[in-house]
Amino acid sequence: MHRRPKALVLLEDGTIFYGKSIGIEGTSFGEVCFNTGMTGYQEVFTDPSYFGQIMVTTNAHIGNYGVYPGESQSDRIMISGLVCKNFSFPYSRASSTESLFAYLKKHNIVTVSDVDTRALVSYIRDNGAMNVAITTVNIDQLDALRKQLARQPKMEGLELASKVSTKEPYFFGDPYAPYRVAVIDLGIKTNMLRKLSDLGIYLQVFPYDISFEQISQWKPDGFLFSNGPGDPKPLVSVQKLAKIVIGKGLPCLGICLGHQVMAIASEVKTFKMFNGHRGINHPIMNLKTGRGEITSQNHGFAVDRNSVEKHSNLTITHQHLNDGTVGGLSYGSEFCFSVQFHPEASPGPNDSDYLFKDFFEKISRFKLRSAG
């Protein structure tokens, strides 16, 4: 095999890690983050919540089982670039249709392999999330690269939902299903739509900046505020919509970024985490049942616990067992709730499935009460 060109990872504070190009040339910028999942790289790379981020994978081997179209969570790769230890060009899985290399090349995702990812992840954990540049070209021109990196926007205060949200409304599922749910697309994952559709819910997915009046014309039975990338604070129009829905006590579920937006709409603060939660083994305690749940998480912002505890109408329903951060909220009305984790990913494997069923039951109870 021919020798692969050198490549590098340049962190915002000037720290450099060296590696090799896998053969997709270029330079990419974004906020560096790491995911601790041992599998699921295709789902991670296509998750809109990762838009604008350079992904560091902690598993030693990436690409070994190829790519299968049914596992993509959107219509394209969302990460800005990839950093890994060992990149597997050959792959072995009967259902896969192409190699990860071919998939990344098709989407022109700059990838740096042969990096000491243990050292890199340890450095990020100690020094926090920051912007990063990865490059496979002109690696000796560091001054120019540093200047480019310094011009990149910070994730805090950055609105990214508009970059991944649908431009036009679309339908998903069975139009004859008993219930309708309006999905506010902040970066929705396909599997979230599948889970709701399988329960018997017909979905219309709306752009992030849709108004309550526009959605009401479709007469939905419930609302879902989806996951997505970026800071929740700039999403003023979505917060306004959430405030109306919560204020009316309508059936409503928020997931990840949607959870943060609903919290802000309820006059609760959010904050940028030193390091986010990203992986498929995050322990959550359900404070209602006392049961622990293994969850999938992907977020760099969180809801401020002190702010919630000062709020008379909000109740913390779930908490992260590693750091005590808010994992879920209920909003006074029995029909409105939100979680910081991803129930559709089900790494437990079925620990969080009940949340979608709870949402279905809340919609059913609300309709019966309204009819009575």
Side-chain angles (χ1 to χ4, degrees), residues 2-35 41 44-60 62-63 76-87 89 100-101 103-160 163-164 229-231 272-276 278 298 300:
H2 67 278
R3 293 182 62 184
R4 290 188 282 127
K6 289 182 179 180
L8 65 79
V9 178
L10 173 64
L11 297 175
E12 183 181 352
D13 66 2
T15 306
I16 298 173
F17 289 82
Y18 288 96
K20 295 179 180 178
S21 168
I22 68 165
I24 304 169
E25 304 307 315
T27 301
S28 290
F29 301 91
E31 182 186 62
V32 69
C33 69
F34 59 90
N35 186 292
Y41 54 75
V44 168
F45 299 164
T46 57
D47 180 351
S49 295
Y50 282 115
F51 184 86
Q53 293 182 309
I54 302 290
M55 171 57 59
V56 180
T57 51
T58 61
N59 189 24
I62 295 298
R76 66 188 192 274
I77 295 178
M78 292 290 177
I79 59 172
S80 296
L82 172 63
V83 179
C84 62
K85 175 60 177 171
N86 300 315
F87 189 89
F89 290 88
L100 180 59
F101 173 76
Y103 191 55
L104 292 169
K105 190 171 179 61
K106 183 164 56 181
H107 293 271
N108 196 32
I109 304 300
V110 177
T111 301
V112 179
S113 71
D114 294 81
V115 173
D116 185 347
T117 49
R118 269 189 175 183
L120 176 53
V121 168
S122 294
Y123 191 86
I124 298 167
R125 288 183 62 183
D126 291 343
N127 294 276
M130 64 184 82
N131 282 348
V132 63
I134 62 173
T135 187
T136 64
V137 296
N138 301 324
I139 66 170
D140 56 337
Q141 298 179 13
L142 284 176
D143 286 343
L145 189 61
R146 288 190 184 99
K147 289 176 182 177
Q148 285 181 281
L149 179 56
R151 292 195 292 266
Q152 301 304 309
K154 305 287 187 185
M155 187 62 74
E156 190 165 10
L158 195 58
E159 187 279 294
L160 293 176
K163 309 293 185 184
V164 296
D231 191 334
K272 179 79 166 65
M273 302 174 76
F274 186 69
N275 270 307
R278 296 180 179 89
N298 170 20

[X] [atom1] to [Y] [atom2] distance, which is reported to the nearest 0.5 Å:
| X | Y | atom1 | atom2 | answer |
| --- | --- | --- | --- | --- |
| Thr135 | Lys6 | OG1 | NZ | 14.0 Å |
| Ile124 | Leu11 | CD1 | CG | 6.5 Å |
| Asn59 | Cys84 | CG | SG | 10.0 Å |
| Asp143 | Gln148 | CG | CD | 11.5 Å |
| Gln53 | Leu160 | CD | CG | 8.5 Å |
| Thr111 | Ile24 | OG1 | CD1 | 4.5 Å |

Residue pair Val115, Leu120: steps toward the side-chain contact (heavy atoms from CB on, under 4.5 Å) verdict
CA-CA 8 Å; Val115 173; Leu120 176 53; 4.3 Å; yes
Does CZ belonging to Arg118 count more than 12 external heavy atoms closer than 6.0 Å?
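No - once you tally the heavy atoms of other residues, nucleotides and ligands closer than 6.0 Å, there are 12 at most.
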Decide if atom NZ of Lys272 counts as having more than 12 heavy atoms of other residues, nucleotides or ligands within a radius under 6.0 Å.
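Yes - once you tally the heavy atoms of other residues, nucleotides and ligands closer than 6.0 Å, there are more than 12.
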Between the side chains of [X] and [Y], is a donor N or O closer than 3.5 angstrom to an acceptor N or O?
| X | Y | answer |
| --- | --- | --- |
| Tyr50 | Asn35 | yes |
| Asp13 | Asn127 | no |
| Thr15 | Tyr123 | yes |

Closest approach of [X] to [Y] (non-hydrogen atoms, all atoms of both residues):
| X | Y | result |
| --- | --- | --- |
| Ala7 | Ser21 | CB-N, 3.8 Å |
| Met155 | Gly52 | CE-O, 4.1 Å |
| Met78 | Val164 | SD-CG1, 3.9 Å |
| Pro153 | Leu158 | CB-CD1, 4.1 Å |
| Ser80 | Ser28 | O-OG, 3.1 Å |
| Val137 | Gly26 | CG1-N, 4.0 Å |

Below 4.5 Å, heavy atoms only, C-beta onward: do [X] and [Y] meet side chain to side chain?
| X | Y | value |
| --- | --- | --- |
| Phe51 | Ile79 | no |
| Arg4 | Asp114 | yes |
| Leu142 | Ile16 | yes |
| Thr57 | Val83 | no |
| Met55 | Val44 | yes |
| Phe29 | Leu149 | yes |
| Leu82 | Ile54 | no |
| Phe89 | Leu100 | no |

Go through the steps for Leu145 and Leu8 under the test side-chain contact (heavy atoms from CB on, under 4.5 Å), then give the verdict.
CA-CA 11 Å; Leu145 189 61; Leu8 65 79; 3.9 Å; yes
Using 30° and 60° as the class limits, which term best fits the ring planes of Phe101 and Phe87: parallel, tilted or perpendicular?
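Phe101 vs Phe87 ring planes: perpendicular.
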Determine the sole option in Asp126, Thr58, Asp116, Asn275 for which the side chain to side chain contact (heavy atoms under 4.5 Å, CB included) test with Val121 is passed.
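Going through Asp126, Thr58, Asp116, Asn275 one by one, the side chain to side chain contact (heavy atoms under 4.5 Å, CB included) with Val121 is satisfied by Thr58 alone.
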